[in-house]
Amino acid sequence: MEITSNFIKTIMEEDLKSGKVDTIVTRFPPEPNAYLHIGHARAIITNFELAKHFGGKTNLRFDDTNPVKEDSSFVEAIKKDIEWLGYKPANILFGSDYFEASYELAIKLINKGLAYVCDLTADEMREYRGTLTSPGKESPYRYRSIEENLRMFEEMKNGKYKDGEKTLRAKIDMSSPNINMRDPVIYRIIHIEHHNTGNKWCIYPMYDFAHPLQDAFEGVTHSLCSLEYDDHRILYDWFVEKCETEHVPHQYEFGRLNITNTIMSKRYLKQLVDEKLVKGYDDPRMPTLAGLRRRGYTKESIVNFILSTGLSRVNSTVSSEMLENSLRDDLNNKVKRINAVIDPIKVVITNYPEDKIEWLEVEYNNDNPDLGSRKIAFGRNLYIEREDFLEEKPNKKWKRLSLGIEVRLMYAYFIKCNEVIYNEDGTIKELLCTYDERTKSGSGFDERKPNGNIHFVEASTALPAKINLFEPLLLDSDSKKELFSRMNPNSWATFSGFVEPSLKNTYSLERFQFIRKGYFATDYDSTENNLIFNRIVELKSSYN
RNA sequence: UGGGCUAUGGCCAAGUGGUUAAGGCAUCGGACUUUGACUCCGAGAUCGGUAGUUCAAAUCUACCUAGCCCAGCCA
């Protein structure tokens, strides 16, 4: 799938055409403080695909300028996710690689009279900043001499001051209607070990200062970020201009991607994990890339999904059906179609010999002969899906089994249900049916039509399997309600079912279509003697 | 009440003054079908509102309305 037309692609085309840039350089800059989720996939895919489209390059840069939140475990998880999506960064870099360089540029700003050391406390600074509708007022420390600023900034760096005691601020405009321009802090003191630079530094640059400089150092031409940074762009440009970097990068903002019924907030995702409401960041119900991967989503389905949603300057919420469709679309002709019964009910073919098993040759995928074929078993004892039987045919649309009704067992015979045997508690124990030998699949029998076609497995040869079915974690998307009250108690359901014997040697993350039931993937923990399958998505259905 | 951004069918989204306003998802018809799947046909918007400019406007202008973002020593 090719990246569709969007405003950033258009800007790049124009910049290339006008000679403003001669190659496209982008970057994906995650902060290593969380797992990536499907929302991040838009940023990743946009940056990489755009650069790829124009023959440019994309860096992965960990934005690690705040050591209190960051951790190298996230660095590894993020690298893995990006690699999984199929992208190779031109360079893997860290914001912390540039601490020395940005320190030098901070000194440059001080020397130009454009930055000063401020002694205001956080509370005081908030007061001085003013409000959305009223201008701020200048810090009493705003006009310190350059010499004093230089000395104090060096003292900050050398660890003379405690956290919060002093900051370095850009001297811009305390009455700007854009609050970001009201002398933003560009360096703060944090005495804590940094995952990458250890204890070398105790002052750390703020995002607004560090980011444009990093982009400049790397020769990034188009620095893409989300909409909320729109009113930081003026600051971005200010730092680039005042620091007089050799390369001049530009920032462009696009809308975030949300998905219906999906939690996309870092905080909530963390809460789900911390409170053990899920089994970790890679729980198959999680919208993290690790979770989607474990669930069985293919990278192609993720990339195609993102590309098909397009890109604009609107924060959009697309339907989760679109993601699901993307997976079905990808797997439809790619995977084997398997007989599996998730919620079994026993069927006895009373007119079929006790110890006879027939093996019927069936293609794995009618739409893709390259996938080959296997033999499926038919015998006296079978399992069918519980929901495929209703004692009395409820209406004329019912295309499954009922008492006195005949259906085809796919790729085998017509069977007719004659009697229902119940357990003591009134539940169904088994169905007594008869088959018609003349209706064998492929025989061309056409004297009568069955009431429908259902799938089955033969009991003595089928393999038992744990089958997990998922529903959304949240019952509704009313984000005003507390997270707990929105949890779906049925988000994870495990069934003891049976699959056809060809799945004996399945491997982790092998994908299948279980006929009429959906797309499934073999779980990480599945073994030959303990098969586990996860449903990725259901098949579409016009029956409900 | 300050600043910024946005507004095209149910959900995304092309479109940059002249085409019957692309496409995908969803929906609803219909065909096909040994998956109520797939596939194939078909159906549906005059572009937030109003007023202008123009031979011609979703595209330009003005005003209005609605939504989102911003007052971290987070990113």
Side-chain angles (χ1 to χ4, degrees), chain A residues 4-7 10 29-31 33 63-66 68-70 95 118 120-122 125-127 129-136 163-169 176-182 184-190 203-204 206-208 210-211 225-234 253 255-257 260 266 304-305 307-326 328-329 332-333 337 339 362 365-367 397-400 407-412 414 439 441-442 450 452-455 513-518 538-544:
Chain A
T4 50
S5 177
N6 64 57
F7 73 103
T10 303
E31 184 183 18
N33 70 346
D63 213 335
D64 56 353
T65 55
N66 184 355
V68 310
K69 300 165 65 182
E70 296 146 7
C118 183
L120 252 28
T121 65
M125 206 177 287
R126 186 159 42 247
E127 270 176 47
R129 188 158 34 231
T131 70
L132 293 177
T133 53
S134 61
D163 288 11
E165 208 173 324
K166 282 182 166 45
T167 57
L168 184 72
R169 295 225 261 164
S176 170
N178 183 330
I179 290 186
N180 296 303
M181 297 299 272
R182 319 242 261 231
V185 170
I186 60 180
Y187 264 93
R188 76 289 213 187
I189 299 168
I190 305 175
I203 56 170
Y204 293 90
M206 297 285 288
Y207 168 87
D208 280 322
H211 206 89
C225 61
S226 47
L227 241 33
E228 65 266 30
Y229 291 101
D230 190 318
D231 45 21
H232 291 243
R233 188 174 61 235
I234 185 170
E253 311 83 23
R256 281 177 182 268
L257 174 68
T260 57
K266 224 178 244 185
N304 288 342
F305 163 70
L307 294 179
S308 68
T309 61
L311 189 71
S312 72
R313 284 180 61 87
V314 177
N315 287 320
S316 51
T317 302
V318 306
S319 168
S320 54
E321 287 163 325
M322 217 160 149
L323 212 206
E324 293 174 355
N325 173 267
S326 184
R328 290 188 204 107
D329 195 48
N332 183 32
N333 291 326
R337 297 171 180 176
N339 282 307
V362 179
N365 185 326
N366 295 330
D367 298 322
K397 284 190 167 182
W398 178 253
K399 296 172 69 172
R400 306 179 185 186
V407 297
R408 173 182 287 286
L409 293 181
M410 287 176 69
Y411 308 115
F414 286 14
T439 61
S441 183
N453 303 290
I454 64 174
H455 63 283
Q513 181 191 119
F514 284 179
I515 293 171
R516 300 207 304 137
K517 301 310 294 181
E538 288 184 75
L539 250 32
K540 224 160 75 169
S541 173
S542 54
Y543 173 78
N544 34 37

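Letters A, B, ... are given to chains in the order of the sequence lines, protein chains preceding strands, and every chain is numbered from 1. Only heavy atoms go into these numbers, but all of them, side chains included; no hydrogens, no water, no symmetry mates.
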Verify the neighbour count for atom CZ of Arg256(A): are there more than 12 heavy atoms of other residues, nucleotides or ligands below 6.0 Å? no
His211(A) near the nucleic acid: base, sugar-phosphate alone, or nothing, with a heavy-atom cut-off under 4.0 Å? nothing
Can you identify which nucleotide, out of A71(B), A37(B), U6(B), has its nearest atom closest to the Val314(A) side chain? U6(B)
Options C74(B), G2(B), A37(B), nucleotide nearest the side-chain atoms of Pro177(A): G2(B)
Do Asn339(A) and Arg516(A) have side-chain N/O donor and acceptor atoms under 3.5 Å apart? no
Rounded to the nearest Å, what distance is computed from the CD1 atom of residue Ile186(A) to the P atom of nucleotide G72(B)? 18 Å
With P as the reference atom in both, quote the distance from C11(B) to A71(B) in angstrom, rounded to an integer. 29 Å
Counting the atoms with a prime plus P, OP1 and OP2 as sugar-phosphate, which does Tyr229(A) contact under 4.0 Å by heavy atoms, base, sugar-phosphate, or nothing? base
Identify whether any heavy atom of Arg313(A) sits under 4.0 Å from a base atom; if not, whether one sits that close to sugar-phosphate; answer base, sugar-phosphate or nothing. sugar-phosphate
In whole Å, what is the span from the CE atom of Met181(A) to the C1' atom of G3(B)? 12 Å
Using the P atom in both, what is the distance from C55(B) to C69(B), to the nearest Å? 44 Å
Check: Gly310(A) main-chain N/O paired with Asn6(A) side-chain donor or acceptor under 3.5 Å: no
With sugar-phosphate meaning primed atoms plus P, OP1 and OP2, does Met125(A) contact a base, only sugar-phosphate, or nothing at under 4.0 Å between heavy atoms? base
Between Met206(A) and Tyr187(A), is a side chain to side chain contact (heavy atoms under 4.5 Å, CB included) present by the stated rule, with each step listed? CA-CA 6 Å; Met206(A) 297 285 288; Tyr187(A) 264 93; over 6 Å; no
Give Lys397(A) one of three labels, base, sugar-phosphate or nothing, depending on what nucleic acid heavy atoms sit under 4.0 Å from its own. base
How long is the line joining NZ of Lys517(A) and P of A37(B), in whole Å? 14 Å
Pairwise C1' distance for U20(B) and G44(B), with rounding to whole Å: 14 Å
From C12(B), G72(B), A14(B), nucleotide with atom closest to Asn6(A) side chain: A14(B)
Watson-Crick or G-U wobble partner for A75(B), using a 3.5 Å limit on both distances? none
Same-atom distance (P) from U16(B) to G23(B), integer angstrom: 16 Å
For the backbone of Asn178(A) and the side chain of Ser176(A), can you confirm whether one donor and one acceptor N or O come within less than 3.5 Å of each other? yes
Shortest side-chain distance from Ser5(A), nucleotide among U34(B), G15(B), G72(B): G15(B)
Would you measure the distance from the P atom in A58(B) across to the matching atom in C40(B) and give it in whole Å? 33 Å
Nucleotide of A71(B), C74(B), U34(B) approaching Ile179(A) most closely (side-chain heavy atoms): A71(B)
Across all strands, who's sitting opposite C60(B) as a Watson-Crick or G-U wobble pair, both distances under 3.5 Å? G52(B)
Taking any heavy-atom pair under 4.0 Å as a contact, classify Thr167(A): base, sugar-phosphate, or nothing. base
Could you tell me how far G24(B) sits from A13(B) if I compare only their C1' atoms? Round to whole Å. 8 Å
For a quick check under 3.5 Å, do Lys266(A) and Asn33(A) share a side-chain donor-acceptor pair by atom type? yes
Under 4.0 angstrom, heavy atoms only, what part of the nucleic acid is Gly442(A) near: base, sugar-phosphate, or nothing? base
So, under a plain 3.5 Å distance rule, would you say the side chain of Asp231(A) forms a donor-acceptor pair with the base of G3(B)? yes
Does Ser326(A) reach a base, just sugar-phosphate, or nothing at all? Heavy atoms under 4.0 Å. nothing
Counting only heavy atoms not in Ile234(A), do more than 12 fall under 6.0 Å of its CD1? no
Closest to the Lys540(A) side chain, choosing from C38(B), G36(B), C74(B): C38(B)
Pick base, sugar-phosphate or nothing for Gln513(A), based on heavy-atom distances below 4.0 Å to the nucleic acid. base
Say we look at A26(B) and C12(B): how far apart would their C1' atoms be, to the nearest angstrom? 11 Å
Quick one: label Ser441(A) by what it contacts on the DNA or RNA (base, sugar-phosphate, nothing), any heavy atom closer than 4.0 Å. base
Assign Leu311(A) to base, sugar-phosphate, or nothing according to its heavy-atom contacts below 4.0 angstrom with the strands shown. sugar-phosphate
Arg328(A) side-chain N/O to Asn332(A) backbone N/O, donor-acceptor pair under 3.5 Å: no
Checking base pairs now: Watson-Crick or wobble, both atom distances under 3.5 Å. What partners G9(B)? none
Base-pairing assignment for C68(B) (Watson-Crick or G-U wobble, both under 3.5 Å): G4(B)
Protein-nucleotide distance (Ile454(A), atom CD1; G36(B), atom P), rounded to Å: 10 Å
I'd like to know if the side chain of Ser326(A) reaches the main chain of Met322(A), judged simply by a donor and an acceptor atom lying under 3.5 Å from each other, with no hydrogens or angles considered. no
Using Watson-Crick geometry (N1-N3 plus N6-O4 or O6-N4) or G-U wobble (N1-O2, O6-N3), each under 3.5 Å, C47(B) is paired with none
Pick base, sugar-phosphate or nothing for Ser134(A), based on heavy-atom distances below 4.0 Å to the nucleic acid. nothing
Could you give the CD-to-C1' distance, from Glu228(A) to G67(B), as a whole number of Å? 16 Å
What is the nucleic acid contact for Lys399(A), judged by heavy atoms within less than 4.0 Å: base, sugar-phosphate only, or nothing? base
Of the candidates A71(B), C25(B), G2(B), the side chain of Thr133(A) sits closest to G2(B)
Give me the distance, rounded to whole Å, that separates A22(B) from A14(B) when you measure between the P atoms they each carry. 15 Å
Nearest to the side chain of Asp367(A), heavy atoms from C-beta on, is which of C38(B), U34(B), A75(B)? C38(B)
Counting distance only, does the side-chain N/O of Arg188(A) pair as donor-acceptor with the main-chain N or O of Tyr204(A) below 3.5 Å? yes
Both Val318(A) and Asn178(A) contact RNA chain B. Taking the nearest nucleotide for each, which residue is further toward the 5' end? Asn178(A)
For atom OH of Tyr543(A) and atom P of U35(B), their distance in whole Å: 17 Å
Nearest-nucleotide 5' precedence on RNA chain B, Asn180(A) against Ser542(A): Ser542(A)
Answer with base, sugar-phosphate or nothing: what part of the nucleic acid does Thr131(A) contact at a heavy-atom distance below 4.0 Å? base
Rounded to whole Å, please give me the gap between CE in Met410(A) and C1' in U35(B). 4 Å
So what's C40(B) paired with, Watson-Crick or G-U wobble, going by both distances under 3.5 Å? G30(B)
What about Arg400(A), does its side chain sit under 3.5 Å from the base of G36(B) through a donor-acceptor pair? yes
What's the closest nucleotide to the side chain of Asp230(A) if the choices are A75(B), G4(B), C25(B)? G4(B)
Nearest whole Å is fine: how far is U39(B) P from Leu539(A) CG? 11 Å
Residue Asn66(A), side-chain heavy atoms: nucleotide from U35(B), C73(B), C74(B) that is nearest: C74(B)
Is the base of G72(B) syn or anti, where syn means the angle lies within 90° of 0? syn
